[in-house]
Protein chains: 2
Amino acid sequence: MTTSTDSDHLLDLLKASGARITKPRRVIVRILAEKGDQHPDAMDIFRRAVKEDSRISLPTVYRTLKVLEEQGAIQRHAFSDGRSRYEPAAGEHHDHLIDMETGDVIEFHSEKIERLQEEIAAELGYDIVHHRLELYGRKRKKKQS
Amino acid sequence: MTTSTDSDHLLDLLKASGARITKPRRVIVRILAEKGDQHPDAMDIFRRAVKEDSRISLPTVYRTLKVLEEQGAIQRHAFSDGRSRYEPAAGEHHDHLIDMETGDVIEFHSEKIERLQEEIAAELGYDIVHHRLELYGRKRKKKQS
DNA sequence: TATGCAAATGCAAATTATTTGCAATAAGCA
DNA sequence: TGCTTATTGCAAATAATTTGCATTTGCATA
């Protein structure tokens, strides 16, 4: 069996939103929770889902992904290759934005940046172990409210 | 006339790549160089282009955008709303990738990351003055599939 | 400046990714 | 268990982008 913990968590989120836990959803959620291939697109998920239950349909995959995304259970990444890829909203990590005038430190996190960093490192032939990203800026004078 | 400088720069890049400077391309490039609405999508560009030359076609817009992107003259952003948005690529700067085993420092630059950082800062109400991005990693053991 | 040829264009039709209408099915509460 | 309604599967519809092909046009050369 696969780690059913993550899968269960996703199901909980679904349930909490008032959605019904159907067999297709169970399968899809299990696939999303799998540790294997990260960032599968809808078709990837569909293909794997069909193996577990041959009557699951692509539209159902899309619909389930949409519900999960609205619930914040998963994240949709829009790559430039045209299709969307999904991944369970995972653990934390944050970077810093330093206010140059007050010294305030604001924490933020961008999955997009994390991902880009990985892509860049990969292109250079590296795996990132950790990184540091610090933005230094000043509060924007509001031009429009 | 509008700022023809930026526009000319894009044309130069096109020319340098061995492409022909056609009337449609002149129009499209001019639109891209306009300071107005940032991040137009193909249809936005097409609509504006038609106003300047009614026989420009959508496919030509797409083809021109592709050429410009391959030339690094513009950047394509894949937003999650399904369509791609474009914008002229800007100035220089680089970040660092540190090899944790050898201490080697590799310089790299990603307009995408720069832009994302700005977006993030903007969302937090800041303008970036400068930043530091360091990736720490180890050379990828060439393995898996 | 005139000429030829490959590159670029416009049009229509093709692809690709994703969404929707609708009748049939199945959660999950009473 | 039965009922109500969310969810499903299928087929067809959209939306964004790309491609085939005949025609036009940039531009290097004569």
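All values reported here derive from a predicted model rather than from experimental measurement. In the text below, chain A, chain B and the rest are named by the order of the sequence lines, each starting its count at 1. Computation of the quantities below employed the complete heavy-atom set of this structure, encompassing side-chain atoms and omitting hydrogens, waters and symmetry-equivalent molecules.
With rounding to whole Å, A/I45 atom CD1 is found 10 Å from C/dT18 atom P. The distance from atom CD of B/Q71 to atom P of C/dA8 is 11 Å, rounded to the nearest whole Å. Separating the CZ atom of A/R25 from the C1' atom of C/dT25 is a distance of 14 Å, rounded to the nearest angstrom. Distance, A/R47 CZ to C/dA17 C1': 13 Å, rounded to whole Å. The interatomic distance linking A/I28 (CD1) with D/dT7 (P) rounds to 12 Å, in whole Å. Atom CZ of A/R85 and atom P of C/dA17 are 10 Å apart (whole Å). Rounding to whole angstrom units, CG of residue B/L11 and P of D/dC27 are separated by 10 Å.
Partners of B/E134 under the side chain to side chain contact (heavy atoms under 4.5 Å, CB included) rule, at least two apart in sequence or in another chain, are A/R132, B/I98, B/R132, B/Y136. Contacts of B/R20 classified as salt bridge (charged side-chain N to carboxylate O under 4.0 Å, His left out), with partners at least two apart in sequence or in another chain: none. Under the rule for a side chain to side chain donor-acceptor pair (under 3.5 Å), B/R138 has no partner lying at least two apart in sequence or in another chain. Residues satisfying the side chain to side chain donor-acceptor pair (under 3.5 Å) test with A/D12, not counting sequence neighbours, are none.
When all heavy atoms of A/D44 and A/P40 are compared, the closest pair comes out as OD2-CA, 3.5 Å. Across all their heavy atoms, A/L135 and B/H131 have their closest contact at CD2-CB, 3.6 Å.
Side-chain polar atoms of A/Y86 and A/D41 form no donor-acceptor pair below 3.5 angstrom.
The line from CZ of A/R115 to CG of B/L116 is 12.0 Å long, rounded to the nearest 0.5 Å. Between the CE atom of A/M43 and the CZ atom of A/R85 there is a distance of 12.5 Å, given to the nearest 0.5 Å.
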Tabulate protein N/O versus nucleotide N/O from nucleotides 28-30 of chain C, keeping only pairs under 3.5 Å, one per line.
from	atom 1	to	atom 2	distance (Å)
C/dG28	OP1	A/I21	N	2.8

Between the protein and nucleotides 9-16 of chain D, which nitrogen or oxygen pairs come in under 3.5 angstrom?
from	atom 1	to	atom 2	distance (Å)
D/dG9	OP1	A/R55	O	2.4
D/dG9	OP1	A/I56	N	3.4
D/dG9	OP2	A/S57	N	3.1
D/dG9	OP2	A/S57	OG	3.0
D/dG9	OP2	A/T60	OG1	2.4
D/dG9	O5'	A/R55	O	3.2
D/dG9	N7	A/R63	NH2	2.8
D/dG9	O6	A/R63	NH2	3.4

What side-chain donor-acceptor pairs closer than 3.5 Å can you find for residues 50-62 of chain B, not counting sequence neighbours?
from	atom 1	to	atom 2	distance (Å)
B/E52	OE1	B/R30	NH1	2.8
B/D53	OD1	B/R55	N	3.0
B/S57	OG	B/T60	N	3.4
B/S57	OG	B/T60	OG1	3.2

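A 4.5 Å side-chain heavy-atom check between A/V29 and A/L68 finds at least one atom pair inside the cut-off.
The C1' atoms of five pairs define one axis at each end of the helix from C/dT1-D/dA30 to C/dA30-D/dT1, and these two axes lie 40° apart (to 10°).
With C/dT19, D/dT8, D/dT18 as the choices, the nucleotide that has an atom nearest any side-chain atom of A/K66 turns out to be C/dT19.
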